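Okay, so here's the structure we're looking at.
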Protein chains: 2
Amino acid sequence: MREEHTIEPNELIESYLANEDIIYEATQIFDALSDYTRFQILSALCVSSKSVSELKDLCHVTQSAISHQLRLLRDRGLVFARREGQHVIYSLADEHVATLMRVGLEHAAETVSVEGE
Amino acid sequence: MREEHTIEPNELIESYLANEDIIYEATQIFDALSDYTRFQILSALCVSSKSVSELKDLCHVTQSAISHQLRLLRDRGLVFARREGQHVIYSLADEHVATLMRVGLEHAAETVSVEGE
DNA sequence: TGAATACATGAACAAATGCTCATATATTAT
DNA sequence: ATAATATATGAGCATTTGTTCATGTATTCA
């Protein structure tokens with residue numbers, strides 16, 4: 001399966017590639033998704049908004065580690081937080097993120113099943 | 001324009017999230033796209049296959065830097081190489097990559113235009 | 001065969017990353 | 001007010017990352 005295929009010239013991509021800022025922003029999103037802990041956080045938030053402690057339990061890391069990663073995700077505009085009593089509830093801020101994760105997981109699922117032969 | 005929205009429970013995502021290997025593989029793809037040089041390489045290859053020296057000129061980095069990054073991309077199965085005389089021609093190995101870049105660039109374009117107000 | 005061109009690769013190093021530990025802040029309950 | 005719970009954050013540290021420099025290999029041409 002994987003024969004040599006031609007990818008039709010992608011005009012969208014070409015038009016953006018001239019803009020350094022856009023390329024940099026794009027790499028920042030992918031960077032956010034490139035860490036195991038952050039990927040877990042974001043995918044958990046894809047399903048529903050969650051408090052810091054819920055995320056901490058789901059990801060099996062310390063509270064501090066989660067908070068540091070949440071700060072990074074906040075700074076990059078991928079999640080937003082609202083306080084609710086003692087808790088702070090985080091939500092996905094962007095629908096593109098869910099799309100990216102879906103496509104990334106599809107690719108990953110194929111790769112894993114192929115190499116796992 | 002960004003009101004609070006609900007993301008419908010994504011069954012695909014949920015089904016993959018149990019598998020650690022798949023999550024790890026996914027983060028590896030995103031990691032490949034998270035570096036400026038690599039992103040340039042991959043987007044150039046989205047348009048058409050290219051030799052190492054063509055990529056070097058496009059990305060404005062040294063030949064060594066390009067080769068090191070190409071090795072990483074090869075190891076992760078995102079590109080493949082074929083020799084053609086003195087040249088080695090690199091091509092995209094996976095169509096998912098183009099999709100990911102397209103979505104990432106769309107997100108980035110919105111973000112940049114919003115913050116640039 | 002020898003020189004030139006194209007590409008690959010190991011070592012080294014500075015910079016970035018992700019975590020832990022300690023501590024600070026905010027909210028609620030007593 | 002005090003204690004308890006939930007979250008945030010700075011400093012420090014080990015690891016990873018991306019590059020450069022030097023050198024190695026492959027191919028073509030004279």
Side-chain angles (χ1 to χ4, degrees), chain A residues 20 23-45 48-93, chain B residues 20 23-45 48-93:
Chain A
E20 288 184 15
I23 297 185
Y24 179 74
E25 253 308 298
T27 62
Q28 290 294 99
I29 307 155
F30 291 120
D31 182 69
L33 289 159
S34 72
D35 174 75
Y36 199 92
T37 301
R38 285 195 298 271
F39 192 89
Q40 286 188 109
I41 293 175
L42 290 170
S43 44
L45 297 184
S48 68
S49 301
K50 291 184 173 57
S51 72
V52 177
S53 32
E54 283 176 307
L55 290 170
K56 155 179 129 34
D57 293 340
L58 280 169
C59 301
H60 305 294
V61 296
T62 67
Q63 178 266 316
S64 179
I66 284 284
S67 274
H68 279 299
Q69 297 292 14
L70 285 170
R71 172 144 83 137
L72 186 151
L73 295 173
R74 249 187 294 130
D75 290 348
R76 297 197 185 167
L78 297 188
V79 303
F80 63 91
R82 67 171 192 280
R83 184 170 273 278
E84 204 165 87
Q86 282 185 91
H87 296 261
V88 175
I89 309 295
Y90 279 84
S91 313
L92 264 201
Chain B
E20 288 185 15
I23 298 186
Y24 179 75
E25 254 307 299
T27 62
Q28 290 295 98
I29 308 156
F30 291 120
D31 182 69
L33 290 159
S34 72
D35 174 75
Y36 199 92
T37 302
R38 285 195 298 270
F39 193 89
Q40 286 187 111
I41 292 174
L42 291 170
S43 45
L45 296 184
S48 68
S49 301
K50 290 184 174 58
S51 72
V52 177
S53 34
E54 283 176 307
L55 290 170
K56 155 178 130 32
D57 293 340
L58 281 169
C59 301
H60 305 293
V61 296
T62 67
Q63 178 264 317
S64 178
I66 285 283
S67 273
H68 279 297
Q69 296 293 14
L70 284 171
R71 171 143 84 137
L72 185 151
L73 294 173
R74 249 187 293 130
D75 289 347
R76 299 198 183 166
L78 298 187
V79 303
F80 64 92
R82 67 172 192 278
R83 183 170 274 279
E84 204 165 88
Q86 284 185 90
H87 296 262
V88 175
I89 310 295
Y90 279 84
S91 312
L92 265 201

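Proteins get letters first, then strands, A, B, ... in listed order; numbering begins at 1 in each. Quick caveat: nothing in here was measured; it's all calculated off a predicted structure. In what follows, every heavy atom counts, from backbone to side chain, and hydrogens, waters and symmetry copies are set aside.
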Per-pair distances, 0.1 Å, donor-acceptor, side chain in residues 57-66 of chain B, under 3.5 Å, sequence neighbours excluded:
residue : atom : partner : partner atom : Å
B:T62   : OG1  : B:A65   : N            : 3.1
B:Q63   : NE2  : B:S67   : OG           : 3.1

Identify the 5'-most and 3'-most nucleotides of DNA chain C with at least one atom closer than 4.0 Å to a non-hydrogen atom of chain A.
C:dG18 to C:dT28
Would you please name every residue forming a side-chain hydrogen bond (donor to acceptor under 3.5 Å, both in side chains) with B:Q86, sequence neighbours left out?
none
In Å, rounded to the nearest 0.5 Å, how long is the span from OG of A:S49 to OH of A:Y90?
12.0 Å
Name the first nucleotide and the last nucleotide along DNA chain D (5' to 3') that come under 4.0 Å of a heavy atom in chain B.
D:dG18 to D:dT28
So, using side chain to side chain contact (heavy atoms under 4.5 Å, CB included) as the criterion, who are the partners of B:S48 when residues are at least two apart?
B:K50
Using 0.5 Å steps for rounding, measure from the CD atom of B:Q28 to the CG atom of B:L78.
9.5 Å
Quick one: side chains of residues 31-40 of chain A, donor-acceptor pairs under 3.5 Å with protein atoms, not counting sequence neighbours, listed by atom name and distance.
residue : atom : partner : partner atom : Å
A:D31   : OD2  : A:R76   : NH1          : 2.8
A:D31   : OD2  : A:R76   : NH2          : 3.4
A:S34   : OG   : A:D31   : O            : 2.7
A:D35   : OD2  : A:T37   : N            : 3.0
A:D35   : OD2  : A:R38   : N            : 3.1
A:R38   : NE   : A:A32   : O            : 3.0
A:R38   : NH1  : A:Q69   : OE1          : 2.9
A:R38   : NH2  : A:D31   : O            : 3.0

Would you work out how much the helix from C:dT1-D:dA30 to C:dT30-D:dA1 bends between its ends, with each end axis defined by five base pairs, to 10 degrees?
10°
So A:E25 and A:T27, do their side chains get closer than 4.5 Å, heavy atoms only?
no
Which of residues 61-72 of chain B have a heavy atom under 4.0 Å from DNA chain D?
B:T62, B:S64, B:A65, B:H68, B:Q69
For B:A93 versus B:G77, what's the shortest heavy-atom pair and its separation?
CB-O, 3.5 Å
With nearest nucleotides of DNA chain C determined for B:H87 and A:Q86 from heavy-atom distances, which residue corresponds to the more 5′ nucleotide?
B:H87
By the 4.0 Å heavy-atom rule, please label B:Y90 as base, sugar-phosphate, or nothing.
sugar-phosphate
Quick one: side chain to side chain contact (heavy atoms under 4.5 Å, CB included) partners of B:R71, sequence neighbours excluded?
B:R74, B:D75
So, using salt bridge (Lys or Arg N to Asp or Glu O under 4.0 Å) as the criterion, who are the partners of B:E84 when residues are at least two apart?
B:R82
